[in-house]
Amino acid sequence: MKPLIPIVVTLGLTLTAISVTHAQAAPKHFEASAPRTIIVNASAAPPVVRAALLQSTLIVLPPQEKVANVFAGDTVDWVFDGGHVASRFISIKPKVAGSETDVHIISDHGNEYTLELEEVSGNGDPHFDSKVFIVPGDQAAKEKMIELPVFVPASELGQEKQEIAAAKAAEAATLKAEQTKEEEYRSRYPSTLRFDFAWSRSKGDAIGLRQIWHDDKFTYLRGDFEETPALYEVKAGKPSLINYDFNDGLYTVPKELSRGYLIIGKQKVEFHRTDGSH
């Protein structure tokens with residue numbers, strides 16, 4: 001790991017953007033994932049943030065905090081921008097495909113958050129983190145947030161309160177816009193669902209498979225499994241393991257599958273799309 005390089009040395013809680021030089025052309029196939037929340041614990045491994053070439057990922061501190069300083073291992077292949085006014089937001093952007101680094105964020109309340117950054121254009125999954133909300137997992141860090149900021153002089157507390165009020169107003173407006181957008185998406189979402197998979201019902205019942213469907217981005221398999229079967233995708237007659245999330249009997253695959261199978265021991269159930277895509 002490269003030694004951490006201070007990106008900003010700040011007394012007024014400002015963050016200086018690093019200029020982009022020799023930038024590469026950004027691929028056009030990246031897809032922004034929905035905003036997600038990560039919990040940062042001082043005693044645990046740093047969470048991984050998926051970034052895409054020349055695409056911005058917004059790191060958001062808790063509402064009570066602002067960015068005081070930022071350090072990173074690689075300030076050549078990565079751009080970090082916190083704007084010219086102290087806020088809870090940091091924009092990160094990789095300039096080199098496949099690059100990795102770590103970033104260490106210090107808040108105005110003295111909390112420290114370390115993240116691992118990974119450029120993902122080469123791993124086959126086009127999804128990257130568009131917005132990541134940080135939540136402290138340590139009790140000591142939570143207690144610091146309810147105290148006065150440690151990097152704000154007493155003479156500036158009045159201005160600080162005004163900035164907090166303005167930030168809350170901006171956050172409320174952003175939240176309202178996001179909620180409206182989400183409600184519009186939810187109203188359209190049912191029309192994107194397709195239940196056009198076929199499989200042997202007897203073999204499916206034996207393994208616990210109940211449903212398979214997809215929307216325009218993901219494939220889902222639900223079942224009552226005594227043990228969790230392995231999931232394979234089949235392309236050109238060749239099977240391969242794929243990335244997926246599994247929770248409470250539901251597989252969520254971050255792509256549209258045309259053909260595949262579930263297998264556990266000697267039990268196997270194959271499935272395929274019936275719309276001709278397989």
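Just so you know, these numbers come straight off a predicted model, no measurement behind them.
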Got more than 12 heavy atoms from elsewhere within 6.0 Å of [atom1], [X]?
X	atom1	result
Gln179	CD	yes
Gln139	CD	yes
Ile39	CD1	no

Which heavy-atom pair separates [X] from [Y] by the least distance, and what is that distance?
X	Y	value
Phe195	Gln211	CE2-NE2, 4.5 Å
Ala206	Gln267	O-NE2, 3.5 Å
Lys268	Ile263	CB-CG1, 4.1 Å
Lys131	Phe133	CD-CZ, 3.3 Å
Thr114	Pro47	O-CD, 3.6 Å
Ile207	Phe225	O-CD2, 3.2 Å

Shared hydrophobic cluster, [X] / [Y] (ILVMFWY, side-chain heavy atoms < 4.5 Å):
X	Y	answer
Tyr232	Leu262	no
Val234	Val253	no
Val132	Val135	no
Val269	Tyr261	no

Give a yes or no on whether the backbone of [Y] and the side-chain of [X] come within a donor-acceptor separation of less than 3.5 Å.
X	Y	answer
Asp138	Ala42	yes
Asn111	Ala141	yes
Asp74	Val76	yes
Asp77	Val96	no
Ser121	Ala97	no

- Please determine which of Leu117, Val120, Thr57 meets the side chain to side chain contact (heavy atoms under 4.5 Å, CB included) test together with Arg50. Val120
- Ion pair Glu233/Lys255, N-O distance below 4.0 Å: yes
- Salt bridge between Lys93 and Glu119, side-chain N to carboxylate O under 4.0 Å? no
Taking C-beta and beyond as the side chain, do [X] and [Y] meet within less than 4.5 Å on heavy atoms?
X	Y	answer
Pro136	Pro62	yes
Val48	Leu115	no
Asn123	Asn243	no
Val103	Phe71	no
Asp108	Val67	no

- Message: Between His127 and Phe218 (judged by ring centroids, cut-off 6.0 Å), do the two rings come close enough to count as a pair?
- Response: yes
- Message: Suppose we screen for side chain to side chain donor-acceptor pair (under 3.5 Å). Which residues come up paired with Glu112, at least two apart in sequence or across chains?
- Response: His104
- Note on the structure: Rounding to 0.5 Å, atoms NE2 (His109) and NZ (Lys144) come to a distance of 10.5 Å
- Message: Run the ring pair (Phe, Tyr, Trp, His ring centres under 6.0 Å) test against Phe271 and tell me which residues pass, sequence neighbours left out.
- Response: Phe197
- Message: Run Glu65 and Tyr113 through side-chain hydrogen bond (donor to acceptor under 3.5 Å, both in side chains) and show every step you take.
- Response: CA-CA 12 Å; Glu65 298 188 286; Tyr113 306 105; 2.5 Å; yes
- Message: Going by salt bridge (charged side-chain N to carboxylate O under 4.0 Å, His left out), name the pairs with one or both residues in residues 190-205, residues two or more places apart or in two chains.
- Response: Asp196-Arg273, Asp205-Arg210
